[in-house]
Amino acid sequence: MTFNDLNLIEPILRAIEKEGYTEPTPIQEEAIPVLLDGKDVLGSAQTGTGKTAAFAIPILQVLNKQGQTQNRKKIQSLILTPTRELAMQIKESFRAYGQFLSLKTVVIFGGVSQKSQVQAMARGVDILVATPGRLLDLINQKIIDISQVKFLVLDEADRMLDMGFIKDVQKIIAFVPKERQTMLFSATMPADIQKLANAVLRNPVRIAITPVETTVEAITQSLYYVSRKNKTNLLLKILENKNYTSVLVFSRTKHGANKIAKDLRIAHIPTLEIHGNKSQGARTEALYQFKSNQVRVLVATDIAARGLDIEGLSLVVQYDLPDVPETYIHRIGRTGRAGLDGIAIAFCQQEEFSLLKAIHKHLKMQIPLVTDQPYHDAIVGLDMPSSVSKAPVQKPKNFSKFDTRNKSKHEYHSSKTNRFN
Ligand code: AMP
């Protein structure tokens, strides 16, 4: 199937072509006709499946048609999403696919001054992308009116639940007219999300895109047993492989993310960190630098990284294992995207065994263990997974132990290095 088979208008087809997409992804193939037909959608799909375009394209097409006659520059479409980064990405997608239309998209989120957002609203908005807290705040201040909304999208609904936004989301929905078209997307469908879906959707068409298979097939996963104190040394050893040009490292805590990033910078590896304690400006800048390959490594906590569209990642490292097994899959989904093969490495220390067991149970497989590595730490109490022969990290020929203070061994030649000194 091509985009030409989806009954899209010429300016949208032109924008899609400009983005370089040749054919729709499975969720786009399924969702676009259903949404153009005016139906509600319940989508189980995570980031990386092309779900943003799956809802943005039909919304743009319908609003463009209606907008020529009615309600110009009143908020007609509202997209709720859990994080600021995701909100900005969605706005960018609307702008990209709608670049040849005259619809206006604005994004609002918390953590920054509301002034410029309020000014942007005052100039008129067709499509509003928002995080729930700030939106509710502005609705209560009577700055934003969502009583004309025709399209409501709840994106990453499970994450909004995890982050405690569901009450705010419910309050916001109460301000939206009942006569509307609603789309709910969620990577997982726990009971609370099902309940929300039942309350907000009308006879939805269910679309399930399960990326797990792709994940398992397209991503080389491996597991490293390593003590807490050697995790950074092991990471540095892995990063000696210069083929890993774009590396996302997951840390359990904000403090841990700061520490890892600092140690990598000491080792002259251009690294930035992204987490909830960073200002919005710092997060945006870090993401920009990472995406534009100015920094090689981005260290992130789950909340900061959730839903981020980071293309072409060569490696994902789980420095700490996640508490929730599903998160393991979300994290590795960052590599091997859009049909590319990816590599995902997980570190596990003794104290994380129970987490690893839960992950193995969830995956219904064991992540291949790499024992042929300098910091291998024998672990007690777990059924040993079998070794992998093709370890992404080769044992160095003349291995000598090093620590992160020994800069000379970890010179990373980059013109950008200076900024980290
Ligand atoms: P999403 O799941 O919406 O976060 O999209 C994941 C990535 O896929 C983004 O970088 C999109 O730009 C890209 N993408 C979306 N649709 C297509 C398509 N039809 N062909 C190729 N890439 C796409």
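We count ligands from 1, going down the list as the structure has it; atoms in each ligand are counted the same way.
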Student: Should Y97 be counted as touching ligand 1, given the test is an N or O pair under 3.5 Å?
Tutor: no
Student: Just wondering, more than 12 heavy atoms not from Q141 lying within 6.0 Å of its CD?
Tutor: yes
Student: What orientation do H376 and Y225 show, parallel under 30°, tilted 30 to 60°, or perpendicular over 60°?
Tutor: parallel
Student: Could you check whether atom CD of E17 has more than 12 heavy atoms from other residues, nucleotides or ligands sitting under 6.0 Å from it?
Tutor: no
Student: Considering the heavy atoms of T52, write down every atom of ligand 1 situated less than 4.0 Å from one of them.
Tutor: 1 (P), 3 (O), 4 (O)
Student: Is a donor on one side and an acceptor on the other found under 3.5 Å between the side chain of R296 and the backbone of Y244?
Tutor: yes
Student: Would G50 count as being in polar contact with ligand 1, using the rule that some N or O on each side must be under 3.5 angstrom apart?
Tutor: yes
Student: Hey, does M183 have a side-chain heavy atom less than 4.5 Å from the side chain of L35?
Tutor: yes
Student: Of all the atoms in ligand 1, which lie at a distance below 4.0 Å from a heavy atom belonging to T25?
Tutor: 17 (C), 18 (C), 19 (N)
Student: Backbone or side chain, does any N or O of E23 fall under 3.5 Å from an N or O of ligand 1?
Tutor: yes
Student: At a 4.0 Å threshold, what atoms of ligand 1 neighbour a non-hydrogen atom of K51?
Tutor: 1 (P), 2 (O), 3 (O)
Student: Side chain, backbone, both or neither: which part of F3 comes within less than 4.0 Å of ligand 1 when only heavy atoms are counted?
Tutor: side chain
Student: Between K231 and D320, is there a side-chain N and carboxylate O pair less than 4.0 Å apart?
Tutor: yes
